[in-house]
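Here is the structure we will look at.
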Amino acid sequence: MKNRNVLGYCVAATALAACGGESNTNAPDLNINITTPPPIIVEGGGEPEVSIVNTPLPIEENFDGSGDTLGFFAAGYKSLATENEADTDDNFYYSAAGLFNADGSVADPQNTWITADADAGLRFGNSRWTIGQTVSDLGEFVEGDGGPRNKSTPGGGLANSESWGELDLSTPYSISFCVVAAEGSGQLQVYVDNNTSNAGASIHSDASRLYNVAASTLVAGQRVTIDSDVGTANSFLQFRMSSGGSVVIDDLIIENAGAAAATPPDCSTKTTEYLASQTLGGEEEPEAVAGTAFTGIPLTGSFSLSFDNLFGTDDTATFTSMSDDTAVPFNTVTGGGSRITVADGKLSMNDARFTMGDKGDAATADAVAPVGDIDLSKPYTIEIVISDFTMEAAEAGSFIVYVDNNTSSSGNSLHGEASKLATLKTDDAEVATLPYTLTIDSDVGTANSFIQLRADSKVGNITIDSVSIKYQPVDNSDTVVTWNSYSGDKKPVEADSLTLADGSLSTMVDGGTDLTDAYWSVASGIASFNTTAGGVKPYATFGPIMPEPVSYPQTYTMIARLANPNTIDKSFEIESSFGGTDGDATSPKAGRIKLMLRDDRVQIENFDGDADPDWEWEASSFDVTEFHTYQLTVTLTSARSATATVYVDGVERIAAVQTDMLRDTSVDTNRISIGENGSSDYEADVDWIIWTNDGAFTAEELIGKLPSTIGDVSTYTAD
């Protein structure tokens, strides 16, 4: 039998018995059956193990009598049936991670507690807890795991498929619970015979993860049901919510498939007042695991080495994260997580779906703007390489690609039915020969888009080798750009160091309090700048960079290829002053923009009067010691009013930010300045710097338009 994850939708009268036909506020409390059956002796490692006594099914838990977190996870509320001298706690519900501090107090703010309602539930987030797990020598001890019950699976039970829990799950069974509330980007997961966050760390290998869905896709008021036949006569269960999400559950039922409990309580009327019931102690929240930030289009590559790497569910920093929050995974399961596997750089799935770049915490809907991390506001191409594609039954299955839609209905999107970008069927002629590359050219999207890939229930299996997204080439054949350039072949103040737009040669001059020449060196076409001796302000200038007299509107584009070889806090400054005057009667000024390369970001300093603007782009997702191209594009409507855009390696990172108070400089100052005008140690390698006022160009418009003699211009070269 395959595991299946079922949301308990009440859509017809015949379903009411299973969902709870109406509110049942007078229903009696659900009690746990503690009848003790004959003990089962489990042996492992060559020596007799403790006699495990099963806690019989069904288990019906409503959380009402526990009082608070400490009470629920205590033997006084519910104890193990198994007598074991090695277990000093003896509690049936056990905190595997994230619930308590080392001193035993409730961790704050880990968001796990019994709710304050009369109809209490359990809220948990960024934590794991087990049901019916005993202490056993079959577990594999790992230093730092904690107490004896935290011994990692599978341990010594692997050889004989032995587990060490009190639940007899050797025949098909069902787990169900009410979703009272859910939020965030974390994944709700349910495991059998696994007390870790790694699906493969079990006697059942990856099949131990029975359920895996994003908290944002859970619907309050509905019952989730998980049917499975993965287990043993001595199994235990684990519930987990990964970082970034939380869920409130109630009326948990674990039962044999052939001996169902009574009609479960109604889920539709439940509300919650979590937090009010707790007096929380403990330490500050631990740092969230940081992934590697998504760096934008182009997106290219195969899948990670494992499911946990790909979806960021293993508490390690190997996953790709959202560009603006390294704690939030870029890829999110939206359905059928137990039917998604990742191995050898490929992803396989059936009756499952997942998103790439969805930052929203709710299901998408018609006329509602998406909240995504991928800029698809201009025409793009998606290429998906498929190496296996089979149908489950006689009717052909479908593989579907959506944009800005995290549901299974194409109308649930800002784009309506157009959100379905492509449908590939198992019997299509194109997939008769594999591998096959599905190519999608589209202009449907926004600056905040995401993609969803789905295999419907009729797909037996689809194996995806890679997914790539790139922008379609821009026709810039009519674009003419004349550049002023510094190629890095000489020191900036050497004669003929500059080539101007008209083809003539010129040089930069000293502009700071210290002579520039002493802080530059040149080798193999790379100019190196170093003021780590400190206490100096050497910068070189050239002007004018704008046509005089300056009139408006006016445009300016500057690009530099730079490296910060030793991750100096402040590496290099390029300041562009645009001349003219703001017309102030008492103290007229011009405007300027200073682009600064730092150890962890590229920054436009003091833009719009903000010394540290929150739209700086963090560059920690790539190696600043390597060369990257930094492009500043400016449109001026007056001396102090401008719109600025920044590109890094051809990708827009700071998008069209407008200000009416550019940082000021002396009236009519019209020049470019490079080097240092501060008091810190600076160090940078400069391949080239170019600028023009022919237009406020996008990176795409400049493909093939850079001078070929300045150095490496591969970022601006057509494929």
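Everything numeric here is computed off the predicted structure, so don't read it as measured data. Positions are given from 1 along the sequence.
Of the charged side-chain nitrogens involved, at least one lies within less than 4.0 Å of a carboxylate oxygen, so that Asp308 and Arg209 count as a salt-bridged pair. Between Lys270 and Asp251 there is a salt bridge, since a side-chain N of the basic residue sits under 4.0 Å from a carboxylate O of the acidic one.
Residue Asn461 holds its CG atom at 4.5 Å from OG of Ser348, rounded to the nearest 0.5 Å.
Between the side chains of Arg123 and Ser246, at least one donor N or O lies within less than 3.5 Å of an accepting N or O. Using a 3.5 Å distance cut-off with no hydrogens or angles, the side chains of Thr332 and Asp358 do not pair a donor with an acceptor. The closest side-chain donor-acceptor pair between Asn195 and Gln238, if any, does not fall under 3.5 angstrom.
Arg240 places a side-chain heavy atom less than 4.5 Å from the side chain of Ser197. Tyr191 is not listed as a side-chain neighbour of Thr196, based on a closest heavy-atom distance of 4.5 Å or more. Residues Tyr211 and Leu188 are in side-chain contact: their nearest non-hydrogen atoms beyond the backbone lie under 4.5 Å apart.
Taking the six-membered ring where the residue is Trp, the centroids of Phe177 and Phe239 are separated by under 6.0 Å. The aromatic ring centroids of Tyr94 and Trp129 lie 6.0 Å or more from each other. In this structure, Phe63 has its ring center under 6.0 Å from that of Phe72. The distance between the ring centers of Phe311 and Phe354 falls below 6.0 angstrom.
Partners of Asp465 under the side-chain contact (heavy atoms from CB on, under 4.5 Å) rule, at least two apart in sequence or in another chain, are Lys346, Val385, Ser387, Thr463. Val328 meets the side-chain contact (heavy atoms from CB on, under 4.5 Å) test with Ser185, Met322, Asp325; sequence neighbours excluded.
When all heavy atoms of Tyr77 and Asp64 are compared, the closest pair comes out as OH-N, 4.4 Å. When all heavy atoms of Ala233 and Ser170 are compared, the pair lying nearest together is N-CB, 3.8 Å.
Of the residues listed (Asn406, Thr355, Thr407), the one engaging Thr364 in a side-chain hydrogen bond (donor to acceptor under 3.5 Å, both in side chains) is Asn406, and it is the only one.
For residues 323-360, no residue pair satisfies the disulfide bond (SG atoms under 2.5 Å apart) rule, not counting sequence neighbours.
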Would Asn234 and Trp164 satisfy side-chain contact (heavy atoms from CB on, under 4.5 Å), going step by step from the backbone distance to the final call? CA-CA 5 Å; Asn234 292 107; Trp164 49 94; over 6 Å; no
Are Thr130 and Tyr93 close enough, and set up right, to give a side-chain contact (heavy atoms from CB on, under 4.5 Å), and what steps lead you there? CA-CA 6 Å; Thr130 64; Tyr93 301 111; over 6 Å; no
Would Asn405 and Gln452 count as a side chain to side chain donor-acceptor pair (under 3.5 Å) here? Give the steps. CA-CA 7 Å; Asn405 190 333; Gln452 180 178 228; 4.6 Å; no
Applying salt bridge (Lys or Arg N to Asp or Glu O under 4.0 Å), run through Arg353 and Asp456 and close with a yes or a no. CA-CA 8 Å; Arg353 51 196 172 92; Asp456 71 13; over 6 Å; no
